[in-house]
Q: 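A single structure is presented below for examination.
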Amino acid sequence: MDNFEDLTEPVSPSGQYFNTPPLCSYVFGFLELEIPIDDSQAMYLIQHLFLPINPRFSSIIVRDKDGNMKWKKVEVNPKDHFKVPVFPKNESIEFYDQDFDDYVSKILIERTPKDKPLWEIHVIKYPTSNAAYTIIFKLHHALGDGYSLMGALLSCLHRADDPSLPLSFPNRKSSQLLTPKRGFFKWFPSTIFSLFNSISDFGWSILKSSIIEDDKSPIWNGEEGSEFLPCALSNLSFSLDEIITIKSKLGVTINDVITGVIFYGIRLYMQEIDNKATTSNSTGLVLLSTRNIGSYQSIQDMTKADSKSPWGNHISFLHIPIPKLSQPSLSNPLDFVWKAQKIIKRKRSTFTVFLTEWLLDMQLKLRGHEAVAKHLYGTLRNSSVVMSNLIGPVEPMALANHPVKGLYFIMSGAPESIDIAVMSYARILRITLKTQKDLIDEQKFKLCMARAFEIISKAASMEIPNKKKIK
């Protein structure tokens, strides 16, 4: 029987959404090390560095006498959460790559036990093409969103060149909904236009979450229960400096470049599988942080009551229609970048994100957290692709003086067929692709993404700077 006196912290509404039968979601963080780390040191780091980050890492979710979800503190045995798979010995790198891929595919669809804290650490002691040693953090979304969990992971790391210096991150200006310093006669029409777009986008978002599905295509078949189907994980790496060059040439943002590349790559893949699919109505669901901050705060600052960027789940989403390859206005591959910029800029200038938060809050009050989870499940299921991004540190890092070669993340547990996560680290931008095995040709999809970047990069090098074609 639970001791209700120990149940001090209620589970946040968003934490409840992600811990229901309809929606059980996880964030996976992958840490690639250049040299192995021994088990005793790893266990020490878990006990003395990872667990103290947040009380939720030492808690389970239970219901109090009124049926409300609460975090309950429990004793944690790190060995219960420390998983070390055994692969065949003395294999080639290619075989270890396959063993790694098969193992990751398995743990992506497994659910963690509810009677233990909602996290696991998987240690791959075998060399792969990417690293000598890989640590995988599997963290339940109820613990926090990608920002919180990545902040927790980064708090365990330090700069490789000088541990006494803090990690630094690329500058990122937060977007504003309206510019308050403009005169009334310039501000008023844009405000009316923004309100009109907000209502239009919000209405379409509700329909997309409940009624309107994407067209069936090579990347979406509308199959129920796809969250339990095997999936494959693959990665592409691009030079951040090259992306910045493209950005400067086209007069857009880094996110615009990457979104344009992803959209173009998706359409190239669809064209290769079925040429008719290039005209299908397909949607990308872009996950956004609602925090008004451009970099990570310390764990101590995140857990303060008055934090500007508090721990937890603070995310919303935008439905972005994927441009069709057959549209006359998209005759130039660069048009995909400009089109992405135009769509995202328009949608970010509306109040759709805040209206979506309001809708979820109202549903929670009137119908309960399972109804909200079903709404979010429908939102994810009815879209072909889910995209998210996080910024990583500029400098190379180390874990207990073990150099970190690579860092990336992905989400799992939701019904979409394709998940795409973008993260920068040490001047490299990593695009991680999670694709449904029985639907997507993983290698062909990856090659189309690489080809999209190559084509856009080459076209940008010949473009007159800042000359935008999409109006």
Q: Counting heavy atoms not belonging to Lys276, are there more than 12 under 6.0 Å from its NZ?
A: no
Q: When you check the side-chain N and O atoms of His122 and Tyr103, is any donor under 3.5 Å from an acceptor?
A: yes
Q: Any pair with a residue in residues 257-269 that passes side-chain hydrogen bond (donor to acceptor under 3.5 Å, both in side chains), sequence neighbours left out, goes on the list, sorted by first then second residue, please.
A: Arg267-Ser280
Q: Run the side-chain contact (heavy atoms from CB on, under 4.5 Å) test against Pro321 and tell me which residues pass, sequence neighbours left out.
A: Trp204, Ile343, Lys347
Q: Apply side-chain contact (heavy atoms from CB on, under 4.5 Å) to Arg111 and list each qualifying residue two or more places apart in sequence or on a separate chain.
A: Cys24, Tyr26, Phe228
Q: So if I apply the ring pair (Phe, Tyr, Trp, His ring centres under 6.0 Å) rule between His141 and each of Trp119, Tyr147, Tyr17, Phe18, which one comes out positive?
A: Phe18
Q: Answer yes if the side chains of Ser105 and Asp102 hold a donor-acceptor pair under 3.5 Å, and no otherwise.
A: no
Q: Ignoring hydrogens and angles, state whether a donor on the side chain of Glu227 or Tyr377 is under 3.5 Å from an acceptor on the partner side chain.
A: yes
Q: Got a sec: does the NZ of Lys208 have more than 12 other heavy atoms crowding it under 6.0 Å?
A: yes
Q: Evaluate the ring planes of Phe28 and Phe30, with Trp represented by its six-membered ring, and classify them as parallel (under 30°), tilted (30 to 60°) or perpendicular (over 60°).
A: parallel
Q: Would you call Arg427 and Asp241 a salt bridge, using N to O less than 4.0 angstrom?
A: yes
Q: Using a distance-only test with no angle check, is there a side-chain donor-acceptor pair under 3.5 angstrom linking Ser282 and Asp214?
A: no
Q: If the threshold is 4.0 Å, N to carboxylate O, is there a salt bridge linking Arg430 and Glu32?
A: yes
Q: Check whether the side chains of Glu416 and Ser226 place a donor and an acceptor atom closer than 3.5 Å, and report yes or no.
A: no
Q: Could you tell me whether Glu454 atom CD has more than 12 heavy atoms of other residues or ligands within 6.0 Å of it?
A: no
Q: Side chains of Asp361 and Gln363: any donor to acceptor distance under 3.5 Å?
A: no
Q: Short question: side chain of Lys138, backbone of Ile107 - any donor-acceptor pair under 3.5 Å?
A: yes
Q: Is it the case that more than 12 heavy atoms not belonging to Lys437 sit under 6.0 Å from its NZ atom?
A: yes
Q: With rounding to the nearest 0.5 Å, note down the distance linking OG1 in Thr356 to NE2 in His319.
A: 8.5 Å
Q: How long is the span from the CD atom in Glu242 to the CD1 atom in Ile428, to the nearest 0.5 Å?
A: 10.0 Å
